[in-house]
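One structure is given below, encoded as structure tokens.
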Amino acid sequence: MLNGPAFKSVAPVYGELVKEHVTLFERQINIDKKDMDLEKRGAYYLFKSHPRKFVVSSRPLITTLFYCCFYHWEAGDVNSYSSTKDLMLSSVLPEDSIKSPVKLEKDFKLTRKQFLYTALAARTKLKKWDEVEKLLTEKVAKLKEGGSSQSGLLILEWIL
């Protein structure tokens with residue numbers, strides 16, 4: 001029953017989950033709408049070289065993150081950050097853009113491993129080896145929980 005004490009104790013948790021899901025779905029709809037417009041106008045080079053195979057609406061969060069890392073990586077300027085937490089955002093897509101991979105990470109509280117693993121998969125698929133290398137070899141402080149500061153830590157070791 002929906003009035004019992006068990007329901008009342010978990011209702012706030014489910015309420016937050018539903019709110020997050022609705023927020024993701026609204027964002028996905030907006031991404032699809034804007035990207036379909038760009039695709040129709042032929043205004044974005046990546047849609048020409050790598051046509052979209054699906055709409056992102058109703059997909060899981062990680063799939064949405066992959067899509068944004070694949071098609072909208074310019075939201076994070078990988079050439080000007082010292083750590084993944086300090087991604088500097090370019091003027092092409094500000095951090096508050098719904099397409100920003102960094103914004104997805106922050107808004108949905110993804111772990112660094114989830115973000116990095118997905119970003120690496122997307123950038124590898126595009127064969128953007130310079131970006132992959134930077135993601136794998138960046139200097140990181142205390143990425144491992146409870147670990148000591150290290151520089152030059154290979155992110156791949158940490159992810160796997």
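A cation-pi geometry, defined here as NZ or CZ lying under 6.0 Å from the six-membered ring centre and within 45° of its normal, holds between R59 and F54.
Classification of the F47-Y44 ring pair by plane angle, with boundaries at 30° and 60°, yields perpendicular.
Hydrophobic clustering (ILVMFWY, side-chain heavy atoms < 4.5 Å, transitive): L24 and V55 are in distinct clusters.
Residues L104 and F115 have side chains not in contact (no heavy-atom distance under 4.5 Å, counting atoms from C-beta outward). Using a 4.5 Å cut-off on side-chain heavy atoms (C-beta onward), W73 and L126 make no contact.
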Evaluation steps, side-chain contact (heavy atoms from CB on, under 4.5 Å), between I62 and Y117: CA-CA 10 Å; I62 296 297; Y117 186 84; over 6 Å; no
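Between the side chain of R123 and the main chain of C69, a donor-acceptor pair closer than 3.5 Å is present.
Remark: N30 CG to K99 NZ distance equals 10.0 Å, nearest 0.5 Å.
When ring centroids are compared, Y71 and H50 stay outside the 6.0 Å threshold.
One finds no salt bridge joining D37 and K33 here, because no Lys/Arg side-chain nitrogen approaches an Asp/Glu carboxylate oxygen to under 4.0 Å.
The neighbour count for H21 NE2, taken as heavy atoms of other residues, nucleotides or ligands under 6.0 Å away, does not exceed 12.
Side-chain atoms of E26 and T23 form no donor-acceptor pair, as typed in the model, at a separation below 3.5 Å.
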